[in-house]
Amino acid sequence: MKLIAELDNLADAFAAELAGVASAAEAESLRNVRLGRKGDLAALMNRLPELPAEERPAFGKAANAVKERLNRLLEDRLAAFRAEAEDASLSRFDPTLPGRMPERGSLHPITLVMEEICGILNNLGFETVYGPEVETDFHNFGALNFPDDHPARDMQDTLFIAEGIVMRTHTSPMQVRAMLERKKPPVAVIAPGKVYRRDYDLTHSPMFHQIEGLLVDENISLAHLRGVLTHFLREFFGADVKLRFRPSFFPFTEPSVEVDMSCLICRGSGRREDGKGGEDGCRVCKGTGWLEILGAGMVDPAVFAAVGFDPACAGFAFGLGVERVAMLKYGIDDLRMFFENDLRFLGQFVK
Ligand code: FA5
């Protein structure tokens with residue numbers, strides 16, 4: 001058969017086959033078989049030398065024209081497949097469906113509680129200050145009247161970093177830093193932040209948060225401390241909260257107190273929901289109806305001496321456990337939930 005006739009046949013066969021393809025992928029494979037570099041059209045063109053020399057230019061031209069035409073047909077078919085796919089996805093799109101809310105982050109409950117507490121104390125005139133979590137032995141213990149090798153250092157299981165360097169075990173070193181910086185009274189600061197101890201159970205975690213408060217001025221007494229703490233706790237928990245001041249001991253305060261709050265989980269009853277009391281009762285207050293939330297006292301003259309303040313100065317300090325307060329505020333009976341980072345838990349505290 002003449003080459004030119006074979007070219008026509010190929011074009012007709014291609015058009016027929018193209019009409020029958022069911023997908024873009026089938027159309028592409030047809031392009032390969034018929035029009036590709038090793039396809040049927042290329043094979044025909046390779047036979048050009050069979051023709052007499054004078055017929056070759058006309059055949060070459062015709063073959064190129066066929067190639068172009070068939071490629072155009074194929075592109076049209078591919079465009080039709082694309083349009084069909086778009087239509088199909090549009091018909092699946094239902095504009096009346098409710099939108100999908102993007103997930104929103106939220107502040108951690110401990111952050112929320114710290115912000116609220118600091119807000120109340122800022123309103124009373126306390127300024128917020130921040131300090132390092134890796135502390136010197138001097139700031140964490142020495143200046144706070146913990147003598148070297150004094151058993152009082154065992155009160156807090158310390159994580160040591162190096163000789164003379166510790167993870168701060170409380171925010172009280174900020175008392176020392178604030179007084180060293182201010183050089184003389186008045187000082188009225190609060191210092192929120194992380195502290196570290198070797199502790200782990202329902203109400204103790206190895207990293208937790210405290211807020212330190214320090215007021216040094218003229219004629220400050222324990223009555224001012226009681227007034228400030230009572231105001232703060234009533235603002236935070238409501239007017240019916242009950243407080244209990246217990247005598248205690250801290251090397252850096254004299255006299256010292258520990259403040260307990262009526263347990264809001266069991267409403268001070270010490271009993272669980274099923275009525276069990278005593279040691280088997282409320283998990284948070286261990287059946288006592290009270291939960292210790294802070295330590296406090298009048299600044300010890302030895303601390304004033306260590307920072308170069310006149311030991312006759314007067315001031316009070318307190319250190320509050322933020323997680324304990326947050327547990328009571330939100331009715332959470334296991335402090336470890338704050339640190340498990342379960343989004344189902346954290347998502348409940350969106351402001
Ligand atoms: C102190 O840390 C003193 N610096 C507080 C202080 C400051 C006293 C200023 C006097 C003047 P204490 O070790 O009791 O004291 O801790 C204070 C509060 O932190 C406790 O009442 C408790 O609420 C909380 N707390 C203590 N240990 C943990 C822990 N492992 N996990 C969570 N909260 C804790």
Side-chain angles (χ1 to χ4, degrees), residues 109-110 113-114 117 121 126 131 133 135 139-141 143-146 152-159 166-179 187 189-216 220 222 224-226 228-229 233 236 243-261 263 284-286 288 290-304 314-329 332-339:
I110 295 297
V113 166
M114 290 221 280
I117 295 174
L121 293 164
F126 289 90
E133 291 168 21
E135 258 302 3
H139 292 91
N140 197 80
F141 292 124
L144 291 169
N145 199 29
F146 289 80
R153 291 192 186 214
D154 293 341
M155 279 168 65
Q156 303 171 348
D157 275 329
T158 310
L159 294 159
V166 299
M167 296 304 290
R168 68 177 177 191
T169 56
H170 52 174
T171 41
S172 297
M174 287 308 292
Q175 293 181 33
V176 178
R177 289 184 178 275
M179 287 191 278
V187 180
V189 293
I190 47 171
K194 293 185 169 65
V195 302
Y196 302 85
R197 295 184 197 177
R198 294 177 50 201
D199 256 349
Y200 193 58
D201 63 26
L202 274 184
T203 52
H204 293 83
S205 117
M207 185 284 292
F208 60 102
H209 298 79
Q210 286 188 342
I211 297 179
E212 192 78 8
L214 173 71
L215 177 69
V216 186
I220 299 297
L222 209 56
H224 294 110
L225 170 66
R226 192 178 174 110
V228 165
L229 291 179
L233 289 168
F236 189 76
L243 301 184
R244 187 166 82 166
F245 281 61
R246 272 186 296 112
S248 184
F249 170 76
F250 297 102
F252 40 97
T253 47
E254 182 59 36
S256 302
V257 292
E258 264 171 340
V259 179
D260 300 338
M261 225 189 86
C263 177
V284 171
C285 64
K286 301 201 172 78
T288 63
W290 297 95
L291 197 70
E292 174 204 320
I293 54 165
L294 62 87
M298 301 303 294
V299 179
D300 194 292
V303 178
F304 285 139
F316 68 70
F318 60 87
L320 169 106
V322 179
E323 280 74 10
R324 299 276 172 86
V325 170
M327 286 170 85
L328 289 171
K329 174 106 176 163
I332 293 160
D333 68 359
D334 187 341
L335 167 146
R336 292 169 293 200
M337 291 179 80
F338 287 126
F339 307 115

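Everything quoted here is computed from the prediction, not taken from an experiment. Both counts, for ligands and for their atoms, begin at 1 and track the order of listing.
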Phe318, portion touching ligand 1 at heavy-atom distance under 4.0 Å: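 Within the 4.0 Å criterion, Phe318 contacts ligand 1 through backbone atoms alone.
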For ligand 1, the portion of Thr253 having any non-hydrogen atom under 4.0 Å away: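 For Thr253, only side-chain atoms sit under 4.0 Å from ligand 1.
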[X], any N or O under 3.5 Å of ligand 1 N or O:
X	answer
His170	yes
Ser172	yes
Arg197	yes
Thr169	no
Gln210	yes
Gly295	no

Under 4.0 Å from any heavy atom of [X], which atoms of ligand 1 are there?
X	answer
Leu294	21 (O)
Glu212	7 (C), 9 (C)
Gly321	18 (C), 19 (O), 23 (O), 24 (C)
Leu335	32 (C)
Gln175	9 (C)
Glu292	14 (O), 20 (C), 21 (O), 23 (O)

With the threshold set at under 4.0 angstrom, would you say [X] reaches ligand 1 through any of its heavy atoms?
X	value
Phe316	no
His209	no
Ser256	no

Aromatic ring proximity Phe146/Phe252, centre distance under 6.0 Å: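 Yes, the ring of Phe146 comes within the 6.0 Å limit of the ring of Phe252, centre to centre.
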Gly297 to Leu225 - nearest heavy-atom pair and separation: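 So the minimum-distance heavy-atom pair works out to N-CD2, 3.9 Å.
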CZ/Arg198: more than 12 non-hydrogen atoms of other groups inside 6.0 Å: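 No, the 6.0 Å shell around CZ holds no more than 12 heavy atoms from other groups.
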Derivation of the side chain to side chain contact (heavy atoms under 4.5 Å, CB included) call for Thr253 and Phe318: CA-CA 9 Å; Thr253 47; Phe318 60 87; over 6 Å; no
For the side chain of [X] and the backbone of [Y], is there at least one donor-acceptor N/O pair under 3.5 Å apart?
X	Y	value
Asn140	Val166	no
Arg244	Trp290	no
Gln210	Val322	no

Closest to atom 26 (C) of ligand 1 (judged by heavy-atom distance), picking from Phe338, Phe252, Phe208, Phe249: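 It is Phe208 whose heavy atom sits nearest to atom 26 (C) of ligand 1.
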Derivation and outcome, side-chain hydrogen bond (donor to acceptor under 3.5 Å, both in side chains), residues His204 and Arg336: CA-CA 8 Å; His204 293 83; Arg336 292 169 293 200; over 6 Å; no
Cation-aromatic face contact Lys329/Phe236, 6.0 Å, 45 degrees: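 Cation-pi check for Lys329 and Phe236: passes.
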Tyr196 six-ring centre to Arg168 NZ/CZ under 6.0 Å and within 45° of normal: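 Because its charged atom misses either the 6.0 Å distance or the 45° angle limit, Arg168 does not stack over Tyr196.
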Contacts of Ser172 that satisfy side-chain hydrogen bond (donor to acceptor under 3.5 Å, both in side chains) - sequence neighbours left out: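 By the side-chain hydrogen bond (donor to acceptor under 3.5 Å, both in side chains) rule, Ser172 matches His170, Glu212.
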